[in-house]
Protein chains: 2
Amino acid sequence: MEEDLSKPRNPTPAELEILRALWKSPGSTVRELMESSTGKPQGYTTLLKMLQIMHEKGLVERQEDGKAHRYSAASGQSETRTGLVTDLINRAFEGAAKTLVMHALAAKRPSREELAEIRKMLEMYEERTEEEPK
Amino acid sequence: MEEDLSKPRNPTPAELEILRALWKSPGSTVRELMESSTGKPQGYTTLLKMLQIMHEKGLVERQEDGKAHRYSAASGQSETRTGLVTDLINRAFEGAAKTLVMHALAAKRPSREELAEIRKMLEMYEERTEEEPK
DNA sequence: TCCGTTCTACGAAGAGTTTCGTATATTGTA
DNA sequence: TACAATATACGAAACTCTTCGTAGAACGGA
C-alpha cells in the first residue's frame with residue numbers, strides 16, 4: 001500500500017500517548033521519554049521503534065544530538081486534537097458538532113466554572129457566526 | 001486472550017459504519033444492509049463476516065427469519081456515542097470535556113441555530129450542577 | 001587498546017481488523 | 001426429484017498496530 005505523506009494521519013492510541021509526552025517535553029530522547037513515562041512500562045526498544053515509525057509517518061521530527069536523537073511532535077497539540085475530534089464527528093455524529101457536544105456534556109458533567117467558560121466561548125462564536133453567514 | 005462480555009467495547013470504524021445502518025434500519029438482513037449501503041461497496045460475505053464477529057462481541061443481536069438472520073444493534077446510538085466521546089476525552093483531552101467542546105466548535109463551526117441549542121443545553125446543565133455539588 | 005555502556009537499526013512475532021473465496025445447507029420452483 | 005438461487009459458516013489472507021529480541025555502531029574510561 002502507498003504512503004500518503006501529504007497530510008499527517010490521526011495518531012493511533014499508542015502514538016497519541018507518545019505525542020502527549022512530547023508536547024509536554026519537546027526535544028526528548030528515547031531514554032528521557034522512557035524515564036518520565038507514567039503509563040504502563042514499555043521496553044526501550046518498543047518506544048524506540050514507535051518513534052521510528054512515527055518519524056516515517058511524519059508524526060514526529062527528530063534531530064541528532066551526539067549519537068542519540070531528540071524527538072518532537074510534528075504537529076501541535078491543538079491541531080492534532082482538532083483532527084481527532086473532526087474524525088469522530090464525521091464517523092459517529094454525522095458531521096454535527098452539536099450532537100457531539102451534547103454527548104460530551106452528558107458524559108463528563110463539567111463543573112460550574114467549566115460550563116461558564118464554555119458558554120463564554122459559545123457566545124463568542126454566536127457573534128462571529130452572525131457576521132459570516134457562510 | 002480472554003473475551004470480556006460484561007461491557008460492550010467501543011466499535012471499530014468498520015463496525016461503527018454497520019451500526020449506523022442498523023440504527024437507521026433495525027432488524028435488517030445482510031442482503032438488505034448490502035443494498036442500502038451508501039459507503040464503499042463491500043462483498044456480501046465481508047459484511048456477513050463482520051456481523052458474525054460483531055455478534056460474538058455482543059455488538060449486535062440477531063434473530064432467525066426463515067433461513068436468514070435479522071440483525072439489530074445491541075446498544076443504542078446514544079450510548080455508543082457517549083462511549084466513543086468518553087474514550088476520546090480520556091485519551092486526547094486529559095479528561096476535560098470543556099477542551100473537547102472547544103475544539104469541536106473550532107472544527108465544525110455550528111450554525112447560529114445550533115449554537116443557540118447548545119447554549120440552551122448548557123444553561124440546563126448549569127442549573128443542575130448548582131444543585132448537585134459532587 | 002579493550003571493555004562496558006548506550007544508542008540506532010532491523011526483523012519478526014502476536015494480536016486485532018478487514019476482506020473475501022469456498023463449502024455447505026435450505027428454500028422455492030419447474 | 002433436480003436445479004437454481006440464496007443463506008450461513010468457516011478459514012485464511014492482507015493489512016495495521018504493538019511489542020521486543022538481537023545485532024551492530026559509537027562513545028568514554030581504565
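No hydrogens, no waters, no symmetry mates; every other heavy atom, side chains included, goes into these values. Below, chains carry the letters A, B, ... as their sequence lines are ordered, and counting in each starts from 1.
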| query | For DNA chain D, whose closest nucleotide is more 5', that of A:P41 or that of B:K49? | reply |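 In this pair, the answer is B:K49.
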| message | Please compare A:G43 and B:R62 by the position of their nearest nucleotide in DNA chain D and report the one closer to 5'. | response |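 Its nearest nucleotide being more 5', the pick is B:R62.
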| For B:L33 and B:L47, which heavy atoms make the closest approach, and how far apart are they? |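 Nearest heavy atoms, B:L33 then B:L47: CB-CD2, 3.8 Å.
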Gap between atoms [atom1] and [atom2], on [X] and [N] respectively (whole Å):
X	N	atom1	atom2	value
A:E15	D:dT18	CD	P	6 Å
A:M50	C:dT8	CE	P	15 Å
B:E17	C:dT19	CD	P	10 Å
B:D65	C:dT26	CG	C1'	14 Å
A:Q63	C:dT8	CD	P	13 Å
A:E56	C:dT8	CD	P	15 Å
B:H55	D:dC10	NE2	C1'	17 Å
B:L51	D:dT8	CG	P	9 Å

Could you go through nucleotides 28-30 of chain D and list every protein N or O atom that sits under 3.5 Å from one of its N or O atoms, giving the distance for each pair?
none

| Ion pair check, A:K120 and A:E117, cut-off under 4.0 Å |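 Not counted as a salt bridge, because no side-chain N and carboxylate O are separated by less than 4.0 Å.
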Would you find a donor on one side and an acceptor on the other, under 3.5 Å apart, between the side chain of [X] and the backbone of [Y]?
X	Y	result
A:D87	A:G83	no
A:R119	B:E123	no
B:R112	A:E126	yes

Please check the phosphate of [N] (OP1 and OP2 only) for any side-chain N or O of [X] closer than 4.0 Å.
X	N	answer
B:Q42	C:dT19	yes
B:T46	C:dT18	no
A:T45	D:dG21	no
B:T12	C:dG16	no

Check every atom of [options] against the side chain of [X] and return the nucleotide holding the closest atom.
X	options	answer
B:Q52	D:dT19, D:dA9, D:dG21	D:dA9
B:K40	C:dT19, D:dT19, D:dC17	C:dT19
A:K57	D:dA9, D:dC17, D:dC20	D:dC17

Every protein N/O lying under 3.5 Å from an N/O of nucleotides 1-7 of chain C:
from	atom 1	to	atom 2	distance (Å)
C:dT6	O2	A:K67	NZ	2.6
C:dC7	OP2	A:R31	NE	2.6
C:dC7	OP2	A:R31	NH2	2.5
C:dC7	O5'	A:Y44	OH	3.4

| Residues forming a ring-ring contact (aromatic ring centres under 6.0 Å, His included) with A:H103, sequence neighbours excluded |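 Listed in chain order: A:F93.
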Approximate separation, where rounding is to 0.5 Å, of [X] [atom1] and [Y] [atom2]:
X	Y	atom1	atom2	value
A:L19	A:L59	CG	CG	6.0 Å
B:T12	A:R91	OG1	CZ	8.5 Å
B:L115	A:L122	CG	CG	5.5 Å
A:I53	A:L48	CD1	CG	10.0 Å

